[in-house]
Amino acid sequence: MKANLIEIPQGVQVGVRYQVNLSGSGWLDWAEDGAETGNSADVMPLESIRMELTGSGAEQYDLYYRVLQNGAWTDWAANGAAAGVEGAGLRIDGFRASVTVKGAGVPADPVAAFGSVDPTRPMIALTFDDGPKTSVTSRILDSLQANRGRATFFMLGTNVNNNAGVIKRMVEQGCEVANHTHDHKYISKISDGEIVSQLASTNQKIAAVCGVSPVLMRPPGGYINAHSQSVVGGLGMSAIMWSIDTRDWQHRNAQKTIDTVLSQVKDGDIILMHDIYSTTADAAVVLIPELTARGYQLVTVSELAAYRGGAAAGQKYSQFR
Ligand code: ZN
């Protein structure tokens, strides 16, 4: 685990420190301000965490955090209290944190605001590659917002700074920001160092605009082999493929995209589209309400994974049944 505060208001002296509880090891030492703690060499689950603000800013702000464990989000913990169940061998699958003005109370939760997940009902993940492109992506976000749905955006590092507003909006709506390399490089055809720099530079750009560093990547062209997959794993990331390929980039025909999805869709699918074509937005604004009406919960890939066995670093997934 690593954590950093970003966008600190001018004149505020504040940092963050954090402590993790690993199954079998108990509480490790505190780490602070971006230093890594945990044990990436071992498979023992991370069971619970504690966090708190440091410096004089700790008198002005509260730090709230909660974890996704055993398919459900815990209540918010704050200012050094433990979040997560200890001693039961339950792994933390997700994490949210929020800094609020002292005494302002529990932060608004984007997941709750956009509808919680019912694990007994069907769910699918809509995914969009190669963007964002604000004119297209914002139409997709409008439809997701109106239908209380979420999606995952595998974006290119080259598109991040020019579309910062729409990326912030993704996070505000509970959507997932994810990594499609910086320059659409085929990772099975470049060196290990280039893979790391393509993924890390994109994660850093995304984190700088929205505060979230992606944990999922999608290999451009779908090209990935065992070796490049292990390099992805070294960054703590999972590779996400798809189970329905709309080929929207090729035919640029909204009706064809709609028909492809509606004729094949089933519980646990990951659907591949590209949010750089207006025809894809035309299809998405039909598909999002229609899939919702058919009873599918539109969730992020990480949410889908969390309810269906999880996603491990260095592994590759094309659906979660
Ligand atoms: Zn692509």
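Counting starts at 1 for both ligands and their atoms, following the listed order.
Summarising the hydrophobic clusters (Ile, Leu, Val, Met, Phe, Trp, Tyr; side-chain heavy atoms under 4.5 Å, direct or chained), the residues clustered with Tyr223 are Tyr186.
Side chains of Leu262 and Arg294 form a contact here, defined as non-hydrogen atoms less than 4.5 Å apart.
Pro214 meets the side chain to side chain contact (heavy atoms under 4.5 Å, CB included) test with Val177, Asn179, Asn203, Ile206, Met237; sequence neighbours excluded.
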Do any side-chain atoms of residues 225-236 form donor-acceptor pairs under 3.5 angstrom with protein atoms, and if so which ones, sequence neighbours left out?
residue: Asn225; atom: OD1; partner: His227; partner atom: N; Å: 3.4
residue: Asn225; atom: OD1; partner: Ser228; partner atom: N; Å: 2.8
residue: Asn225; atom: OD1; partner: Ser228; partner atom: OG; Å: 2.6
residue: His227; atom: NE2; partner: Asp192; partner atom: OD1; Å: 2.7
residue: His227; atom: NE2; partner: Asp192; partner atom: OD2; Å: 3.0
residue: Ser228; atom: OG; partner: Asn225; partner atom: N; Å: 3.0
residue: Ser228; atom: OG; partner: Asn225; partner atom: O; Å: 3.2
residue: Gln229; atom: NE2; partner: Gly314; partner atom: O; Å: 3.0
residue: Ser230; atom: OG; partner: His227; partner atom: O; Å: 2.7

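Counting only protein N, O or S atoms closer than 2.8 Å to the Zn ion (ligand 1) gives 3.
Taking the six-membered ring where tryptophan is involved, the planes of Phe153 and Phe128 are essentially parallel, since the angle between them stays under 30° and well short of 60°. The aromatic rings of His180 and His184 sit perpendicular, their planes meeting at an angle over 60°, well past the 30° parallel limit.
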